[in-house]
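Following: one structure in structure tokens, then a few remarks.
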Amino acid sequence: MEAEEKERRKRSTKLTRDRIAFMPVGVEKIAGNLEQVRARIARAADRARRRPEEVTLVGVTKSQPAEAIRAAYEAGVCDFGENRVQEWELKQPLLADLSACWHLIGHLQSNKARRAARVFHMIDSVDSLPLAQKLNDAAAESGLRLPVLIEVKTDPEPAKSGVPEEEAFELGAAILRLESLELRGLMTVPPFLQNAEEVRPFFRRLARLRESLRQQLGRALPDLSMGMSHDFEVAIEEGATQIRVGTALFGARTSA
Ligand SMILES: *Cc1c(COP(=O)(O)O)cnc(C)c1O
């Protein structure tokens with residue numbers, strides 16, 4: 001009897017060890033990482049005389065397995081951002097039981113708008129009117145109102161996506177006429193600069209642009225999505241209401 005029990009225990013520890021071995025690197029670290037990110041958010045909010053609750057943490061899960069996303073959710077993250085429709089379509093069935101808000105934060109081609117509207121709750125990267133129209137059609141068909149952000153191009157690099165600053169008003173005004181879209185604000189991906197302080201002018205420009213669009217369009221535009229792992233404190237100081245954090249939560253990505 002005793003030997004049997006010993007054997008059973010041995011088997012069960014072995015199983016656990018195997019499980020751990022198969023767990024993606026870092027899953028057990030996510031809760032601790034989250035605590036550190038939350039502390040960084042709180043300090044930055046404090047410096048800016050803002051409340052930490054004003055800042056929504058969007059966990060960026062591109063290249064992360066479903067288990068990592070689940071671990072972050074269980075640790076308290078409620079918003080997640082993926083870059084590609086196809087990648088999220090593969091993971092979504094494994095996470096259908098979580099009541100999180102799923103954002104698309106990567107460039108979206110118009111021909112994938114319908115699929116995107118089906119699997120995401122919010123599209124943070126709208127950068128053209130044809131895309132907005134396709135999203136509007138898809139949302140109308142499913143009878144819902146889809147929240148969107150306009151992605152503004154602040155990085156001078158030609159290959160980077162987003163609408164140029166000077167075209168944001170026109171696109172915003174056009175989106176307001178699309179009844180199945182809800183224009184919530186602006187998003188940007190500034191150039192990657194090692195020294196986060198050097199990114200500040202880009203964040204400030206986006207905050208100012210939101211201010212002028214608010215006045216010109218006569219809408220609240222509550223969301224300002226800016227700031228990633230290495231520069232989100234500066235973004236919070238400049239008024240970010242959503243920060244998109246991948247590496248600081250999940251560890252370095254093996255592929256992008
Ligand atoms: C990958 C990505 C992020 C997160 O970047 P980290 O540096 O890993 O925090 C944020 N926003 C967008 C649009 C991304 O593609």
Side-chain angles (χ1 to χ4, degrees), residues 24-27 29-30 32-41 44 55-65 68-69 71-72 75 77-88 91 100-109 112 116 120-128 131 147-157 159-163 184-200 202-203 205-207 223-256:
V25 191
V27 161
K29 293 207 182 117
I30 290 171
N33 290 347
L34 176 61
E35 222 171 285
Q36 287 178 16
V37 169
R38 294 262 190 235
R40 286 173 58 188
I41 293 172
V55 182
T56 299
L57 171 63
V58 180
V60 175
T61 53
K62 60 181 176 224
S63 88
Q64 298 297 339
I69 302 173
V77 180
C78 308
D79 286 72
F80 293 95
E82 284 277 345
N83 285 59
R84 289 158 190 261
V85 177
Q86 201 164 340
E87 183 176 338
W88 177 234
K91 289 185 238 180
C101 179
W102 309 103
H103 302 240
L104 179 67
I105 61 170
H107 178 66
L108 177 61
Q109 291 166 327
K112 288 189 186 147
F120 290 101
H121 294 130
M122 180 150 175
I123 310 293
D124 299 0
S125 50
V126 175
D127 60 359
S128 77
L131 172 61
V148 298
L149 302 180
I150 293 177
E151 180 176 358
V152 177
K153 183 170 167 3
T154 51
D155 188 340
E157 175 73 33
K160 293 298 169 65
S161 56
V163 65
R184 302 261 331 161
L186 306 179
M187 179 272 224
T188 199
V189 184
F192 182 92
L193 301 167
Q194 203 52 256
N195 176 2
E197 202 46 56
E198 289 174 23
V199 191
R200 189 182 296 275
F202 297 92
F203 293 146
R205 287 250 296 269
L206 192 76
D223 295 340
L224 198 53
S225 172
M226 56 188 195
M228 323 208 306
S229 289
H230 79 296
D231 59 14
F232 70 72
E233 283 102 331
V234 177
I236 290 171
E237 288 170 14
E238 295 300 326
T241 67
Q242 293 186 7
I243 56 171
R244 307 178 309 267
V245 179
T247 315
L249 264 184
F250 297 102
R253 286 178 288 273
T254 43
S255 59

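Please read all numbers here as calculations on a predicted model, not as lab measurements. Counting convention: from 1, in listed order, for ligands and their atoms alike.
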In ligand 1, which numbered atoms sit nearer than 4.0 Å to a non-hydrogen atom of N83?
-> 14 (C), 15 (O)
Is any N or O atom of V189, backbone or side chain, closer than 3.5 Å to an N or O atom of ligand 1?
-> no
Per-atom contacts, ligand 1 versus R244 - under 4.0 Å to a heavy atom | 4 (C), 9 (O), 10 (C), 11 (N), 12 (C), 13 (C)
Evaluate the criterion ring pair (Phe, Tyr, Trp, His ring centres under 6.0 Å) for residue pair F120 and W102; output intermediate values, then yes/no.
-> CA-CA 5 Å; F120 290 101; W102 309 103; 8.6 Å; no
Closest contact, heavy atoms only, P190 versus V199 | CG-CG1, 3.5 Å
Check whether more than 12 heavy atoms from other residues, nucleotides or ligands sit under 6.0 Å from atom CD of Q194, and answer yes or no.
-> no
Proximal ligand 1 atoms for K62, defined as those under 4.0 Å from one of its heavy atoms | 1 (C), 2 (C), 3 (C), 14 (C), 15 (O)
Taking every heavy atom of L131 against every heavy atom of V126, the minimum-distance pair comes out as CD2-CA, 4.0 Å
Can you pull out the closest protein heavy atom to atom 9 (O) of ligand 1? Residue, atom name and distance to 0.1 Å, please.
-> S229 OG, 2.5 Å
What atoms in ligand 1 come closer than 4.0 Å to a heavy atom of V245?
-> 9 (O)
Is any NZ, NE, NH1 or NH2 atom of the basic residue among R40 and E233 found under 4.0 Å from an Asp or Glu carboxylate oxygen of the other?
-> yes
Run the numbers for me: atoms of ligand 1, each under 4.0 Å from some heavy atom of T247, listed by number.
-> 6 (P), 7 (O), 8 (O), 9 (O)
Supply the atom-to-atom distance L193 CG to D155 CG, rounded to the nearest 0.5 angstrom.
-> 8.5 Å
Considering only NZ, NE, NH1 and NH2 on the basic side and carboxylate oxygens on the acidic side, decide whether E197 and R200 come within less than 4.0 Å.
-> yes
Nearest-neighbour protein heavy atom for atom 10 (C) of ligand 1, which is reported as residue plus atom name and distance = M228 SD, 3.2 Å
Let me see the working for N83 and I105 under side-chain contact (heavy atoms from CB on, under 4.5 Å), right down to the final yes or no.
-> CA-CA 5 Å; N83 285 59; I105 61 170; 3.7 Å; yes
Heavy-atom contacts with I105 under 4.0 Å: which atoms of ligand 1 show up? List them by number with element.
-> 11 (N), 12 (C), 13 (C), 14 (C)
Side chain, backbone, both or neither: the part of V60 lying under 4.0 Å from ligand 1 by heavy atom = side chain
Select one of side chain, backbone, both or neither to describe which atoms of R253 lie under 4.0 Å from any atom of ligand 1, heavy atoms only.
-> side chain
